[in-house]
There are 2 protein chains.
Amino acid sequence: MSEVRNVLFIMCDQLRYDYLSCYGHPHLHTPHLDQLAARGTRFTNAYVQSPVCGPSRMSTYTGRYVLSHGSVYNGYPLRVGELTLGDHLRPLGIDTVLIGKTHMRADVEGMERYGIPPDSIIGARLSECGFDVFERDDGLHPDSGYVPDPAYNSYLRERGYDGANPWHSAANSVAAGEGESGSGWFLKYSNRPALIAEEDSETPYLTRRFMDFVDARQGKDGWLCHLSFIKPHWPYIVPAPYNTMYGPETWLPPVRDRAERETSHPVFAAFQNSRAARTFSRDDVRETVLPAYMGLIKQIDDQMGLLFAFLKARGLWDRTMIVFTSDHGDYMGDHWLGEKDMFHDPSVKVPLIIHDPRRGVIRGQVCDALVEAIDLAPTFVEVFGGVPARNRLEGRSLSPLLAGRMPDAWRTVAFSEYDYAWMSARQALGRDVDECKIIMARDTRWKLIFCEGFRPMLFDLETDPQELRDLGDDPRYSDVRFRLEAEIFAWARRQRQRITVSDEKVAASRESDAARAGIFIGFWDEAERDECLKDDPGPQNET
Amino acid sequence: MSEVRNVLFIMCDQLRYDYLSCYGHPHLHTPHLDQLAARGTRFTNAYVQSPVCGPSRMSTYTGRYVLSHGSVYNGYPLRVGELTLGDHLRPLGIDTVLIGKTHMRADVEGMERYGIPPDSIIGARLSECGFDVFERDDGLHPDSGYVPDPAYNSYLRERGYDGANPWHSAANSVAAGEGESGSGWFLKYSNRPALIAEEDSETPYLTRRFMDFVDARQGKDGWLCHLSFIKPHWPYIVPAPYNTMYGPETWLPPVRDRAERETSHPVFAAFQNSRAARTFSRDDVRETVLPAYMGLIKQIDDQMGLLFAFLKARGLWDRTMIVFTSDHGDYMGDHWLGEKDMFHDPSVKVPLIIHDPRRGVIRGQVCDALVEAIDLAPTFVEVFGGVPARNRLEGRSLSPLLAGRMPDAWRTVAFSEYDYAWMSARQALGRDVDECKIIMARDTRWKLIFCEGFRPMLFDLETDPQELRDLGDDPRYSDVRFRLEAEIFAWARRQRQRITVSDEKVAASRESDAARAGIFIGFWDEAERDECLKDDPGPQNET
């Protein structure tokens with residue numbers, strides 16, 4: 001039977017799960033991704049471990065919850081000592097390569113502490129979240145020089161786009177009249193075309209970079225390539241013709257209810273008061289941004305068509321697993337919120353489509369099991385013939401689900417975390433930096449949002465799938481809240497740092513191991529020792 | 001006012017809190033330690049973070065709970081990336097030095113992963129839990145060669161004790177008749193004198209090694225020396241005359257109740273069935289071991305007398321903080337248990353005496369505040385003029401308590417953890433390796449023992465200070481159990497891996513920081529940007 005020789009791990013940034021036609025969008029047609037779903041498995045309950053780029057990605061790349069790796073917000077260096085995809089896959093002989101965004105911030109202080117030169121191979125991988133970098137591009141290149149001049153800028157200059165930072169002046173700006181240009185950061189410009197030819201914009205550029213990577217390998221298998229697109233993330237700007245494809249007849253109304261405005265929940269209220277929330281609660285803003293957001297997604301789907309054709313042309317289709325997902329969603333005005341950051345499905349649920357070329361897997365399968373982004377790392381390890389380390393990887397391989405089998409004791413609750421310590425909500429609520437944790441526990445029917453220092457929020461996804469009625473203070477559901485808080489308690493106390501000794505070694509240990517090493521604890525005399533060593537054989541194990 | 005220039009951090013191994021006369025033992029007189037207490041502060045509610053050597057020490061040296069550092073049992077390498085005393089004190093110009101035991105196991109795999117040579121300074125410190133080693137000696141040197149020939153063996157051979165391993169054949173063996181020798185590992189020999197002169201035994205040897213260290217510094221201040229004794233830990237063997245000092249009239253009866261034998265608690269029952277528990281439940285064993293255990297403690301106190309006199313003779317007394325404690329206790333047959341491992345006070349409570357030479361501190365103070373071993377690391381940082389990093393150190397400085405002030409919001413609950421996955425109890429109870437966690441939460445009146453998969457145990461320390469009546473299944477105390485389980489929940493979900501960004505940096509962040517970096521999220525137009533940058537000045541902060 002065929003085997004998986006390579007993995008193409010595609011991630012979009014800020015792509016809502018429900019803005020693809022295979023996920024039910026009535027007007028945004030994404031035939032190429034629909035085709036992928038028709039040939040593979042489409043997961044309808046895939047959750048990221050945090051609804052914001054940095055922590056979500058660190059969880060995906062480490063296979064561990066945010067509470068475990070500690071990179072709780074954008075810009076938090078991932079501590080030296082956390083293992084990433086590369087650490088798990090390289091021992092299996094797999095090249096683990098990055099093209100695009102990771103949002104990784106290097107733990108420079110930790111590397112200094114241990115004398116790891118940033119320009120060494122180890123240092124470079126540590127700095128890039130375990131990946132070997134074919135091209136890193138986080139897609140945020142403001143003129144402040146926040147990020148050094150990226151390779152994409154050099155490409156644009158070669159193509160004749162002048163200026164110190166064509167990423168901004170061309171790819172993410174628009175014409176604002178009288179020869180003026182307007183910055184794509186400002187939402188009022190979102191429905192105008194970017195000042196760049198479509199083929200030179202970020203999504204096609206990164207897609208071609210992947211093709212360059214494949215051709216550079218000259219047919220050599222044994223790679224996982226993380227093709228990590230920047231869009232449809234901010235700035236919401238797309239080149240023609242995509243900016244004019246989606247008019248009013250294609251817009252879905254915002255999912256929101258007046259009652260949410262009068263929420264009694266301080267955290268939800270504070271989030272509704274954030275700048276992006278206030279802005280996206282305005283219909284004029286939403287209706288200016290939607291054409292760009294939908295156009296950016298359509299552009300991605302078109303690029304997927306080219307990419308899949310390329311894989312087939314290169315003969316890679318039948319031995320390459322393709323994973324398509326996102327790091328989080330986008331409220332786009334739903335629930336009176338913008339951006340992401342909270343735990344309603346538009347923000348925390350993501351599309352997840354996996355095409356597994358192996359025979360024996362189900363084609364065109366829809367899987368509604370609760371899966372988490374941390375399940376991908378162990379899936380990759382298993383796909384490449386390894387055994388996921390239970391004491392290090394907190395997710396579970398999806399392979400059985402891809403084959404249509406529901407594994408024993410599959411999770412009944414999915415968890416996600418967010419820390420609003422960096423947001424204005426912290427000051428607004430007068431919280432200390434360690435008191436801003438919110439945790440989602442979502443089972444097959446209910447979604448509880450645990451809020452440090454406040455009552456929880458609760459939604460009944462069966463009777464209220466749009467999550468408009470917060471039952472967090474309804475006495476009729478105290479038992480549901482109690483049960484899900486108990487789930488969070490069990491999740492929080494698990495031993496997630498016990499990473500230096502394998503479960504197998506612990507399981508193989510015997511009390512007689514110490515005695516075998518000559519350490520006799522609790523023995524009255526030599527006779528008891530002889531009896532013990534006779535009765536309890538076992539592998540020698542230091543204690 | 002005088003300052004602390006040095007810290008002498010003395011730790012005994014397996015010393016019960018109540019086997020010193022200043023802690024109330026009626027027959028075991030320890031005048032030198034009593035003197036230290038009379039000049040300093042004696043803590044009556046000091047708890048270790050795990051009642052077993054390895055994890056207890058890793059918590060003390062990192063200033064973090066076991067759930068945070070992950071070294072859950074003896075022999076668990078401390079993961080690369082965990083900061084230790086040395087990492088916190090060296091930036092303050094303090095030499096952090098070890099003499100004696102740490103029970104540290106190096107994370108060899110992690111060091112390899114990051115290319116850290118074990119013989120480099122960084123590698124050596126990582127391997128030794130952050131200490132610079134003056135002399136490492138864990139005190140367990142069975143003939144199996146479990147540990148390479150220690151310096152102490154060379155010393156003994158110089159002193160004329162022949163043999164491949166005089167640590168065992170001389171310091172920890174006894175005469176067994178007909179020219180035969182008996183191994184000190186076997187309890188039946190415990191009341192016989194070790195085959196070694198008192199001054200050559202381990203406690204005086206390590207005390208002199210500390211004196212060597214001081215003289216080698218030639219008066220240079222700026223050190224923390226961890227003088228870490230091996231005794232009164234196994235093997236329970238002491239040289240003459242100490243082995244004959246404590247007869248039946250000095251023995252305290254075991255603290256135990258028939259009812260404990262019929263406990264309905266599976267974990268407590270399984271622990272009672274361990275080898276050491278079965279052995280120490282026998283009076284003949286207890287009465288053979290007590291003379292050695294008490295003699296070893298008396299020997300330590302005598303050495304403290306010599307050590308304190310030495311510090312005064314060297315003029316160090318008035319500028320050296322002295323901390324005396326233990327890594328855990330010893331059941332010595334109480335509660336039908338031997339060794340440690342469980343959470344009754346004889347096992348998990350330790351003596352803690354701190355002599356602070358600074359003026360303004362209270363002399364002869366008894367402090368009953370709930371303190372934890374993880375409070376020592378931040379205390380040392382503060383004493384040497386540093387500011388404890390709240391995002392890394394989970395304890396709190398004891399300095400205010402030493403000055404007689406109870407800080408605001410001091411902890412109301414002390415926590416300790418144990419993982420019995422390596423013990424026969426795991427097989428006996430049929431638990432998976434990740435299902436063997438037990439957690440103590442002790443407030444000012446109650447002690448709850450949370451047991452993964454079983455009901456908790458509960459003791460009322462006010463009406464039952466000897467912890468003989470388990471109220472864990474008594475319906476009258478369900479509210480107490482609920483409250484303490486809620487405390488464990490709050491403790492378990494704290495963000496203990498958020499170590500790469502300081503609380504101060506988080507607190508200083510403003511939502512406008514991103515805008516200052518040129519990243520405009522949620523802005524409709526340029527006017528909103530200008531307004532934001534005008535209204536909200538703040539330090540620039542990347543997001």
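In what follows, chains are A, B, ... by sequence order, proteins preceding strands, each numbered from 1.
B:F186 and A:F523 have perpendicular rings, their planes meeting at more than 60° on a 0 to 90° scale where under 30° would count as parallel. Note on ring orientation: taking the six-membered ring where Trp is involved, the planes of B:F482 and A:F482 are parallel (angle under 30°, cut-offs 30° and 60°).
Using a 4.5 Å cut-off between heavy atoms, B:L83 contacts chain A through its side chain alone, with no backbone atom that close. Only the side chain of B:F450 comes within contact range of chain A, judged by heavy atoms closer than 4.5 Å. Both the backbone and the side chain of B:D525 come within contact range of chain A, with heavy atoms under 4.5 Å apart. Heavy atoms of B:E452 lying under 4.5 Å from chain A belong exclusively to its side chain. Contact annotation for B:D87: only side-chain heavy atoms (C-beta onward) come within less than 4.5 Å of a heavy atom of chain A. With a 4.5 angstrom heavy-atom cutoff, B:S68 touches chain A only via backbone atoms. Contact annotation for B:D107: only side-chain heavy atoms (C-beta onward) come within less than 4.5 Å of a heavy atom of chain A. Contacts of B:F280 with chain A are absent, with no heavy-atom separation under 4.5 Å from either backbone or side chain. For A:Y189, the part sitting under 4.5 Å from any heavy atom of chain B is the side chain, from C-beta outward, and nothing else. Looking at B:L187, the atoms closer than 4.5 Å to chain A (heavy atoms on both sides) sit in the backbone and in the side chain alike. For a residue to count as touching a neighbouring chain, one of its non-hydrogen atoms must lie under 4.5 Å from one of that chain's; by this rule B:I116 touches chain A with the side chain only.
Note: A:I122 CD1 to B:Y114 OH = 9.5 Å, rounded to the nearest 0.5 Å. How far CG of A:D434 is from CD of B:Q495: 6.0 Å, rounded to the nearest 0.5 Å. We find the CD1-NE2 distance between A:I521 and B:H233 to be 5.5 Å, quoted to the nearest 0.5 Å. Put simply, OG on B:S509 and CE on A:M423 are 11.0 Å apart, with the number rounded to the nearest 0.5 Å.
For the options B:V501, B:V66, B:T279, heavy-atom pairs under 4.5 Å to chain A are most numerous at B:V501. Of all the listed residues (A:V72, A:I439, A:L78), the one sharing the greatest number of non-hydrogen pairs under 4.5 Å with chain B is A:V72. When A:I488, A:D503, A:V433 are compared by the number of non-hydrogen pairs under 4.5 Å with chain B, A:V433 comes out ahead. With chain A as the partner, the residue from B:A276, B:G182, B:G338, B:A507 showing the most heavy-atom pairs under 4.5 Å is B:A507. When A:Q427, A:H168, A:E485, A:R392 are compared by the number of non-hydrogen pairs under 4.5 Å with chain B, A:R392 comes out ahead. Of the listed residues A:R494, A:R113, A:E339, the one with more heavy-atom pairs under 4.5 angstrom with chain B than any other is A:R113.
With B:E528 as the partner, the salt bridge (charged side-chain N to carboxylate O under 4.0 Å, His left out) test is satisfied by one option alone out of A:R282, A:K188, A:R278: A:R282.
Under the 4.5 Å side-chain criterion, counting only non-hydrogen atoms from C-beta, B:D419 is in contact with A:R498. In this structure the side chain of A:R390 reaches within 4.5 angstrom of the side chain of B:D432, judged on heavy atoms. Between A:W422 and B:K505 there is a side-chain heavy-atom pair separated by less than 4.5 Å. By the 4.5 Å heavy-atom criterion applied to side chains, A:D284 and B:W524 are counted as neighbours. The closest side-chain heavy-atom distance from B:R275 to A:C532 is below 4.5 Å.
Closest heavy-atom contact between B:V506 and A:A421: CG1-CB, 3.7 Å. The shortest non-hydrogen separation linking A:P142 to B:G518 is CB-O, 3.4 Å.
Between A:E82 and B:R79 there is a salt bridge, since a side-chain N of the basic residue sits under 4.0 Å from a carboxylate O of the acidic one.
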